[in-house]
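Structure first, commentary second.
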Amino acid sequence: MPNPPKSGQVNPVSRRQFFRNGARVAAMTGLGALTGVLATRGTAAGWVWQIDPAKCLRCGNCATHCVLEQSAVKCVQAYAQCGYCQLCTGFFAPEPNELTTAAENQLCPTSAIQRTFVEDPYYQYSIDENLCIGCGKCVEGCLRFGNGSFFLQIRHDRCLHCNECAIARVCPGEAFRRVPAQSPYLLKSVAK
Amino acid sequence: MRRISKFGWLGGLLLLLLGGVARAQLLFPPPEFESGYRMPVTTTPPGRALWLQYLDVGVLAACLAVAVWLIYRPRSRRGIFWLSLFSLAYFGFYRKGCICPIGSPQNIAYGLLHPSYSVPVTVVAFFALPLIVALFFGRAFCAGVCPQGALQDFFLIKPIKVPAFLEHGLGLIPYLFLGAGIAYAATGTGFVICRYDPFVPIFRLSGSFFLLAAGVSFLLIGMFVGRPYCRFLCPYGALLKLGSLVSRWRVRVTPETCTQCRLCEHSCPFGALREPAPPGAPAPIPGERRTLGWLLVLLPVLIIAGALAGRALSPVAARLHPTVALAELYARQQQHPVVYGVMTPEALALARMAEQPGTVLEAAADLRGRFRLATAIFGAWFGLVVGIKLILLSLRVSRTDFEPDPGACFACARCFSSCPSERVRRGLPVVTVQPPVPAAASALAK
Amino acid sequence: MKPEFKLLDRREFVNFVSRSAALLGLAKVGSESATAATTSAEQTSTNAFAYDVSRLQKTDPKLIAYEEVTRWRSPRTSVRQIAIGPGDQVHVCAGHYISVFNPQGQPAAEVALTGPADSLAVASDGTIYAGLRDHVEVFDAKGQRQAVWAAPDRKSWLTGLAVGKQDVFAADSGKRVIWHFDLAGKLLGRVGEKNASQNAPGFIVPSPFLQVAIHADGLLRVNNIGRHQVEAYTFAGEFEGAWGRITTAIDGFCGCCNPIGFALLPDGRFVTAEKGLPRVKIYNHVGEFESVVAGAESFPENARACNGLNDCAHGGLDVGVDGQGRIYILDLVTSEVRVMKPRA
Ligand code: SF4
Ligand code: SF4
Ligand code: SF4
Ligand code: SF4
């Protein structure tokens, strides 16, 4: 493996060799010190990106700026916070013709919200994550007129965990932050 | 370290629980359903399992070991080729390029300056392992483990020689990029190295048009200029280059004696092979010494000039930080109001800032201060790099054999089979004609 | 100068110069394209998914029948409700306090509470009734605590209070019921639960804004917010009728749950307050729309009623009326009180 030094070139080669060895030892020491410093900081298993729903401004970038074709950001429902309203302002357009699930009455551009009758006068609203594009339109509707139970979250089964989230840097609310991978969601309310 | 992290964990959990309780108390109760309806729970699908991340580190270590072995023991181009294809599949198309060693210096810099971000073990490993290997064996990572390198290598068809001045000039860009990446990470702006990685969008088969186009252009250029990203842009490559320069063992065309037959001269597609020093009378030493002396004087001048130039550029550089950008947008808005559309990001950001303009302006001023320091250091760093480059260029060549420049050599093993001594050593038929230009595909046909 | 350069060999010098020139050029191109990119991004920024209600936020000026007399900001935040007592003293519950102002907005007194109050009523003798989440506390006009009533239910969330000559009614958003007490706090009955024999449809309360008032006609009025109606009940709980219609149009109530607050003018007409499109309007005694006191454009901050809060129980407006028919609007976001009088 090592290359035998050529005869007759002993002097310069060994001087260079000495430099190289010194530099290598220094570099290894530096690397060791660096890892040491990082280790004392309490090295967590990892971080993932998440949206703080209290800071999200529903700007629409989440739908368009994820590196994935279909954004990893989806709307989620905090059921415990939902009013189960018959006129859900997250589901219906601001002035619906009638309170039916016909697409023209719906707010969601992809009809990703499922409305199911629970009991008079209550309806449950859930998100079909295969359809939702994370545009935040329903989130704004629900916040403005309703209880604010819809909110956007990065779904970690879809997210690629980019070292730098491509949406984070264009988020006007600076709502993205790294959260510990053990508790990767910033949920709006906890179920009872 | 274990204890600290465990306690941090507990504290986090406690906070979470407390927060949860406080919130639950605040929460207005949902209706009381009579039909026995049970409220669903918001699902929280977990991210990638931790053991899988450790597996990534394991695969990285194993690949590095195999690469080192392939380069030094069987000295097999074929083996390196297959290993790099595996790495391309695993780290590239399966892991989609994140996290990779190329971006890791940013995590390290960010972690050092932001105590709230503890750098994950896996990231430290991705940062350190290829570097340690480089310090002992050269750029084995580039040879067979880096998916970005493998992708470019795969497209290499007909390498042309890059003129020396371009090679050396463009070769400074990686240091520039590395410095910028670290400066932007240290100021908490973001990870620009990841942002402008041209190949990760190809691994993901999605991404911005600009980056996909950049990736494709790099591959097209890479058909003729071997590994253009690795040589002229890759910031981690700059670190590996520094490491390899002082590596314990070096890649050689042949472990046997070089007969100076010049058959290997054009076998390196990356222009890494260096001629031995011309035989005969060396240049007069005093002249050389004087050049060196002047360059040594020039070095601090370059560093100071770089620092000043960097500092002068800091207002522009700071603009990449979202908070500074918002503060500037706000200031422009005060002078020439522009009406932004309903719920556009700008309108919303401005409205957010209007609630507390003072805090944002203060934060921006603080950041600008940090940028002045960061860009000055960045400029000084670049001055240092240029100065050292000039000094190295003026040093006398001490090579007696054709051998790869340890910094520039990717350890791809292409040159090995062009050496007749090597072929004899390995019992291969000795070709007298220069073998066709080595490309990824022709690697198998040796 | 000259000899120094000779020390560098010519080729190196040329290389160095050309390198620096190339780098400088590159840097220039880079910075130019960066500025070009940022400025163009600025101009082309759109939000294809905007939830646009700007059209609904404009009110026809012809409909506006009131003008502002004065306004002041409550020194304490987290304001929740407003009630006007004898002598037109303005009572505002704000967090752990009840602040009392004179009609010009000068602070007159302050009552400290043991917890945050969500509802408030002032009797004609100046006695203050405050609803603290699940129970009522009573204070005399000087702010001395007189009584603490037992919580009617574990889930109670009192969001509205009304005091009559012998009765106190408490609107409970948590239990979706109106509790009927006597002045001593003895529970007399429950009003408004779903009950076919009394024709009561039941309250739908998606958010904690159920309120109650005693009308001069002797009936109770309750804002059934989930049905977007104001309903009338006898003290015994018999449903007597309702008015109100769901629409974002100016004559109806918008959103999922409105009106979130209301008050009665001396002549029996209604003042209503809405959230979502924050607006205050007047309806006549049978519920026909009459005029606008203040439209959504008057409360720009209120549009972000929910921002940063875990549930949206803290946005919107509340209204009160004094003896001269002036209307007091409490902005729950900015903690401002605005006093409105009919336009001359
Ligand atoms: S980019 Fe930010 S503000 Fe915009 S929708 Fe996403 S989280 Fe909300
Ligand atoms: S508007 Fe919001 S709170 Fe109301 S039903 Fe829809 S999702 Fe639930
Ligand atoms: S409106 Fe947008 S965010 Fe809401 S469910 Fe539909 S696609 Fe998802
Ligand atoms: S981290 Fe990457 S994949 Fe995940 S949301 Fe951000 S841009 Fe999308």
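Here the structure is a predicted model, which means the values were calculated and not measured. The sequence lines fix the lettering, A, B, ..., with proteins before strands; numbering per chain opens at 1.
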Trace of the side-chain contact (heavy atoms from CB on, under 4.5 Å) decision for B:Val200 with A:Val67: CA-CA 10 Å; B:Val200 169; A:Val67 296; over 6 Å; no
Stepwise side-chain contact (heavy atoms from CB on, under 4.5 Å) check, A:Glu164 with B:Ile193: CA-CA 9 Å; A:Glu164 179 189 58; B:Ile193 296 175; over 6 Å; no
Chi angles and distances behind the side-chain hydrogen bond (donor to acceptor under 3.5 Å, both in side chains) call for A:Arg178, B:Ser116: CA-CA 10 Å; A:Arg178 291 186 181 85; B:Ser116 62; over 6 Å; no
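In this structure the side chain of A:Glu69 never reaches within 4.5 angstrom of the side chain of B:Arg204, judged on heavy atoms. Looking only at side-chain heavy atoms (C-beta outward), A:Tyr185 and B:Pro45 come within less than 4.5 Å of each other. When side chains are defined from C-beta on, B:Phe136 counts as touching A:Arg24, because their heavy atoms get closer than 4.5 Å. Side chains of A:Leu31 and B:Phe127 form a contact here, defined as non-hydrogen atoms less than 4.5 Å apart. Two residues are said to be in side-chain contact when any heavy atoms from C-beta on lie closer than 4.5 Å; A:Gln153 and B:Thr44 fail this criterion.
Looking at every heavy atom in both residues, A:Gly83 comes nearest to B:Pro31 through O-CG, 4.1 Å. When all heavy atoms are compared, the tightest approach of A:Tyr79 to B:Pro40 is CD1-O, 3.2 Å.
Formation of a donor-acceptor pair under 3.5 Å by the A:Trp47 side chain with backbone atoms of B:Pro120 is not found in this model. B:Arg352 places a side-chain N or O within donor-acceptor distance of the main-chain N or O of A:Pro172, the cut-off being under 3.5 Å. Looking at A:Glu119, its side chain does come within 3.5 Å of a backbone N or O of B:Glu34 through a donor-acceptor pair.
Figure legend: A:Arg41 and B:Tyr117 shown without cation-pi pairing, the cationic atom not lying both under 6.0 angstrom from the six-membered ring centre and within 45 degrees of its axis.
Of the atoms belonging to A:Asn61, it is side-chain heavy atoms, and not backbone ones, that fall under 4.5 Å from chain B. Both the backbone and the side chain of A:Val118 have a heavy atom closer than 4.5 Å to some heavy atom of chain B. Both the backbone and the side chain of A:Cys162 come within less than 4.5 Å of a heavy atom of chain B. In this structure, chain B has a heavy atom under 4.5 Å from the side chain of A:Leu34, while its backbone stays farther away. Only the backbone of B:Pro46 comes within less than 4.5 Å of a heavy atom of chain A; no side-chain atom from C-beta onward does. Only the side chain of B:Gln53 comes within less than 4.5 Å of a heavy atom of chain A; its backbone N, CA, C and O stay farther away.
For the residue pair B:Thr42 / A:Gln77, no side-chain donor-acceptor distance below 3.5 Å is found, with atom types taken as modelled.
In this structure, B:Tyr37 has its ring center closer than 6.0 angstrom to the ring center of A:Tyr84.
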